[in-house]
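Heads up: the structure comes next, in C-alpha cells.
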Amino acid sequence: MASPTLITPTSKPTPLSPIKSKFTTNTNITSSSTFTTTTTAFQPRRREFLSLATTILSPAAWLFPVTTPPALAASDEEYIKESEEVINKVRNTINMDKTDPNVAAAVAELRETSNFWVAKYRREKALLGRASFRDIYSALNAVSGHYISFGPTAPIPAKRKARILEEVETAEKALLRGR
C-alpha cells in the first residue's frame with residue numbers, strides 16, 4: 001500500500017541552482033576583443049582590519065613589547081608554611097573521635113583549606129614534580145573523596161587512614177628536605 005506522501009520520480013528532473021562562492025570572477029568579452037575582468041573577493045571585516053593595522057603600526061608595540069613573566073603563586077617559604085598547615089589539619093581531622101560534635105565543622109574547614117591549597121599550587125609547574133606536592137595532593141584527594149562519598153561524620157576506615165597518614169608523613173619529610 002502506497003502512502004500519499006511517497007515521492008515518485010518525474011519525467012523531467014529539475015536542476016539544482018548554482019552555488020555562489022565567496023570568490024567570483026566575471027569575464028566579459030566585448031566585440032573589440034578586449035577583456036574586462038571584475039573580481040569580487042571576500043573582504044575582511046573592518047574591525048579585524050583596524051585591529052591588525054593598529055597592532056602593526058603602533059610604535060608602542062615596537063618600543064614596549066608585552067612580555068609578562070609567568071605568575072608565581074607563592075614563594076618557597078610560603079608553600080612550605082601552607083603545606084604544613086594543611087598537613088596538620090588533615091592529621092587533626094582524621095584523628096578526631098567519631099562521637100566528637102565538632103567533626104562536621106572540622107571536615108568543612110579541611111575541605112575549604114584543601115580547596116584553597118590545591119587551587120593555589122596546582123598550576124605551579126615548579127611544584128608539580130616535588131614529592132611533597134604529590135603526596136599532599138594524594139592525601140587530600142583521598143580524604144576529600146571519602147568525606148564527599150560517605151558524609152562528613154563517617155569515620156575513615158583503618159586501611160585508608162593508615163595510607164593517608166603515611167602519605168602525610170612522607171610529604172612532611174620531603175618538605176623538610178626541600179623536595
Side-chain angles (χ1 to χ4, degrees), residues 5 22 42-179:
T5 58
K22 291 181 181 177
F42 177 74
Q43 298 291 327
R45 286 184 269 168
R46 184 171 187 253
R47 183 181 305 159
E48 293 170 354
F49 174 75
L50 289 176
S51 67
L52 180 65
T54 304
T55 304
I56 292 173
L57 299 176
S58 173
W62 292 29
L63 295 176
F64 307 107
V66 180
T67 56
T68 57
L72 298 176
S75 64
D76 201 37
E77 295 84 22
E78 186 177 355
Y79 167 74
I80 292 171
K81 185 182 118 221
E82 289 182 356
S83 298
E84 287 174 350
E85 290 174 5
V86 168
I87 288 172
N88 290 333
K89 284 189 181 185
V90 167
R91 277 195 184 130
N92 293 338
T93 305
I94 286 179
N95 292 327
M96 290 181 90
D97 190 29
K98 67 179 181 179
T99 60
D100 191 350
N102 297 327
V103 172
V107 169
E109 184 180 341
L110 176 64
R111 181 178 294 152
E112 183 179 321
T113 304
S114 65
N115 286 344
F116 174 77
W117 187 87
V118 168
K120 185 172 184 177
Y121 296 112
R122 177 177 33 199
R123 290 172 288 199
E124 288 288 326
K125 301 286 185 202
L127 299 177
L128 292 179
R130 287 189 174 192
S132 62
F133 177 82
R134 181 189 64 232
D135 291 337
I136 294 172
Y137 189 88
S138 177
L140 289 176
N141 194 22
V143 170
S144 64
H146 171 79
Y147 287 128
I148 287 172
S149 297
F150 302 108
T153 57
I156 295 181
K159 274 183 149 178
R160 187 175 295 154
K161 185 177 182 179
R163 186 184 66 116
I164 291 169
L165 289 174
E166 181 183 339
E167 285 177 347
V168 165
E169 287 175 23
T170 57
E172 197 169 38
K173 288 177 186 176
L175 278 174
L176 293 174
R177 293 180 187 151
R179 296 182 184 174

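Sequential numbering from 1 along the given sequence is applied to the chain's residues.
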If you look at every heavy atom in D97 and T99, which pair is closest and at what distance?
OD2-OG1, 2.6 Å
Could you give the distance from CZ (R177) to CZ (R130), rounded to the nearest 0.5 Å?
14.0 Å
Quick check on E166: does its CD atom have over 12 non-hydrogen neighbours (other residues, nucleotides or ligands) under 6.0 Å away?
no
Are side-chain heavy atoms of V168 and E172 found at a separation under 4.5 Å?
no
What are the two closest non-hydrogen atoms of Y79 and S132, and how far apart are they?
OH-OG, 2.9 Å
Between CG of L165 and CG of N95, what distance do you get to the nearest 0.5 Å?
5.5 Å
Distance in Å, L175 CG paired with F133 CZ, rounded so as to fall on 0.5 Å steps:
12.0 Å
Under a 4.0 Å N-O cut-off, is there an ion pair linking K81 with E77?
no
With A106 via side-chain contact (heavy atoms from CB on, under 4.5 Å) - residues at least two apart
T93, M96
Among E84, E78, E82, exactly one meets side-chain contact (heavy atoms from CB on, under 4.5 Å) together with I80. Which residue is that?
E84
Write down the atom of W117, the atom of S83, and the distance for their closest heavy-atom approach.
NE1-OG, 3.2 Å
Between atom CD1 of I87 and atom CG of D135, what is the distance when rounded to the nearest 0.5 Å?
9.0 Å
What is the minimum heavy-atom distance between E167 and S138, and which atoms define it?
OE2-OG, 2.9 Å
Would you check if I136 and Y121 make a side-chain contact, meaning some heavy-atom pair closer than 4.5 Å?
no
Closest non-hydrogen atoms of V103 and T153, given as atom of the first, atom of the second and distance, are CG1-CA, 4.3 Å
Would you say E112 and N115 make side-chain contact, with heavy atoms under 4.5 Å?
no
Do the side chains of F150 and I156 get nearer than 4.5 Å, heavy atoms only?
no
Tell me whether T113 contacts the main-chain N or O of E109 through its side chain, where contact means a donor paired with an acceptor under 3.5 Å.
yes
Any heavy-atom pair between the side chains of H146 and P157 that's under 4.5 Å?
yes
Looking at P152 and V107, what are the two nearest heavy atoms and their distance?
O-CG2, 3.5 Å
